[in-house]
Amino acid sequence: MRSLRGMRRVLLKDRCSIEAASMASASEARKILQSQESNSRSINHPMALRRRPRLKPPKPARRLPQALIIGVRKCGTRALLEMLYLHPMVQKASGEVHFFDRDENYALGLDWYRSKMPLSFKGQITIEKSPSYFVTPEVPERVRAMNASVRLLLIVREPVTRAISDYTQLRSRATPSVPAAPPASHPPPDATKPFEHLAIAADGSINADSDLAVPRVSAPMAGGVPAGEQLLVVNGDLLIEDPVPQLRRIEKFLGLEHKIGRRNFYFNETKGFYCLRNDTTDKCLRETKGRKHPRVDPAVVTKLRRFFVQHNQRFYELVGEDLGWPED
Ligand SMILES: Nc1ncnc2c1ncn2[C@@H]1O[C@H](COP(=O)(O)OS(=O)(=O)O)[C@@H](OP(=O)(O)O)[C@H]1O
C-alpha cells in the first residue's frame with residue numbers, strides 16, 4: 001500500500017482525486033483538496049472528514065453564487081467572507097469580481113462570471129463579495145436578472161468609524177508628492193489633508209459631497225430589496241467584537257447547519273482583532289485590514305454623528321432594525 005506522502009504526490013498530479021482523498025486521513029484529504037483548486041485557492045470539501053471509500057465521489061464544478069456580500073466598503077466585507085469560508089459548505093470567490101458594477105465585466109456575460117467562481121460541490125454555497133455593488137445603481141437589476149432569489153448580505157458599521165476607516169485607507173495610498181490619480185467622474189478626497197478638513201467644510205458645514213462624510217445612497221435599498229428572507233444586515237462592529245453570534249445568524253439565514261464556533265477564533269493581541277482557524281487554516285487578515293486609525297477631533301466626531309442621526313433613522317426603518325449607533 002502507498003504511504004500517505006506517496007499518495008499525496010499522486011493525487012497532486014491527478015485532478016480527479018476526491019475518491020482517493022477519502023482514503024487518506026481527514027486532515028491529509030483536506031490538504032490535498034486544497035492543493036487542487038486551479039488558482040491555488042483552497043476548496044472546502046463537505047465529505048473530506050468522512051471515510052466513505054465505496055461512495056461514488058461527487059464532482060466539483062463552478063457555479064454562479066447563491067449569496068453575495070454587496071457591501072458596505074470598510075465595514076468588514078473581507079472578514080465576513082473569510083469567516084463564512086470556515087464553514088465546510090461554503091466556497092468563496094477569491095478576489096472581488098466586480099461583475100455587476102463594471103460594465104466591461106458585465107458585458108462578458110454569466111459564463112465569464114461563472115468562470116471566476118471557485119469549484120464547489122453540489123449543496124455547497126458559493127459566495128462572492130464586491131463592496132461596490134452597494135453603491136452602483138445598475139446592480140440590483142443585474143443581480144435580479146441572474147437570480148431573483150439570491151441571498152444578499154449587507155455588512156454595515158457605525159458610519160463615522162466607517163468614514164475614518166475609509167480615510168485611513170485613502171491616506172495609506174496617498175503621498176503629498178504623488179496624489180492618487182482621480183477617476184474622471186468622481187475624484188477621491190485628497191487624503192493628504194486631515195480627516196477633519198475633508199469632512200467639514202470651511203464654513204463649518206458637513207461636506208456632504210465627500211464620500212467620507214456621506215456614504216452614497218444604498219442602491220439595493222433604493223431598489224426596494226426588503227430586509228428579511230433575501231437580505232440580511234450584518235452589524236460589522238459586533239462582528240469585530242464577537243464574531244460567533246453574528247455568524248450563527250448568517251448560517252441560519254443561508255440555510256446552513258451551525259458549524260462555525262468559538263474554536264474557530266482566537267484573539268490576536270498584537271493585531272487587536274480575531275484571527276481564524278479550522279482544520280486547514282490558521283490566519284489573521286492582512287495588515288490592510290485592521291489599520292490603526294488616526295485620532296480625530298472629538299468635536300468633529302460628534303458633529304458627524306449628529307449629522308448622521310436622521311440618515312441612520314431612515315436606514316433602521318428600511319432594514320427594520322435599530323443598530324443603536326451613537327447620536328453624538
Ligand atoms: N477579524 C478581523 N480582522 C481584521 N479586520 C477586521 C476583522 N473583522 C472586521 N474587520 C474590519 O474590516 C475592515 C475592512 O473592511 P473591508 O474588508 O470591507 O474593506 S474593503 O472595503 O474591502 O477595503 C477593517 O477596517 P479598519 O479597521 O479600518 O482597517 C476592520 O476593522
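Numbering of ligands and ligand atoms starts at 1, following listing order. Since the model is a prediction, treat every value here as computed from it, not as a measurement.
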I'd like to check which ligand 1 atoms, numbered from 1 as shown, lie under 4.0 Å from a non-hydrogen atom of [X].
X	result
Arg78	17 (O)
Met83	1 (N)
Glu96	22 (O)
Cys75	15 (O), 18 (O)
Gly290	5 (N), 24 (C), 26 (P), 27 (O), 29 (O), 30 (C)
Ser165	25 (O), 26 (P), 28 (O)

Output yes when the distance from some N or O of ligand 1 to some N or O of [X] is under 3.5 Å, and no in every other case.
X	answer
Ala79	no
Ile240	no
Lys271	no

Looking only at non-hydrogen atoms, which of [options] approaches [atom] most closely?
atom	options	answer
atom 19 (O) of ligand 1	Arg73, Gln169, Lys289	Lys289
atom 22 (O) of ligand 1	His293, Arg286, Lys129	Lys129
atom 12 (O) of ligand 1	Pro243, Gly71, Gly76	Gly76

Check: [X] side chain, [Y] main-chain N or O, donor-acceptor pair, under 3.5 Å:
X	Y	result
Asn105	Arg102	no
Glu196	Asp297	yes
Glu141	Glu138	no
Lys289	Gly76	no

More than 12 heavy atoms of other residues, nucleotides or ligands under 6.0 Å from CD of Glu257: yes or no?
no
Below 4.0 Å from ligand 1: does a non-hydrogen atom of Arg157 turn up there or not?
yes
Taking the six-membered ring for Trp and the full ring for Phe, Tyr or His, determine whether the centres of Tyr133 and Phe99 are under 6.0 Å apart.
no
Starting from [atom], which protein heavy atom do you reach first, and at what distance in Å?
atom	result
atom 2 (C) of ligand 1	Phe273 CD2, 3.6 Å
atom 23 (O) of ligand 1	Lys74 NZ, 3.1 Å
atom 18 (O) of ligand 1	Thr77 OG1, 2.6 Å
atom 1 (N) of ligand 1	Tyr274 O, 2.9 Å

Side chain to side chain contact (heavy atoms under 4.5 Å, CB included) partner of Ile70, chosen from Leu231, Ile155, Val143
Leu231
Do Arg73's NZ or CZ and the ring of Phe134 fall within the cation-pi criteria of under 6.0 Å and 45°?
no
Find out whether the Lys NZ or Arg CZ of Arg151 is both under 6.0 angstrom from the six-membered ring centre of Phe253 and within 45° of the ring's axis.
yes
With rounding to the nearest 0.5 Å, note down the distance linking CG in Leu152 to CD in Gln230.
5.0 Å
Evaluate the criterion salt bridge (charged side-chain N to carboxylate O under 4.0 Å, His left out) for residue pair Asp111 and Lys116; output intermediate values, then yes/no.
CA-CA 9 Å; Asp111 285 342; Lys116 297 289 167 196; over 6 Å; no
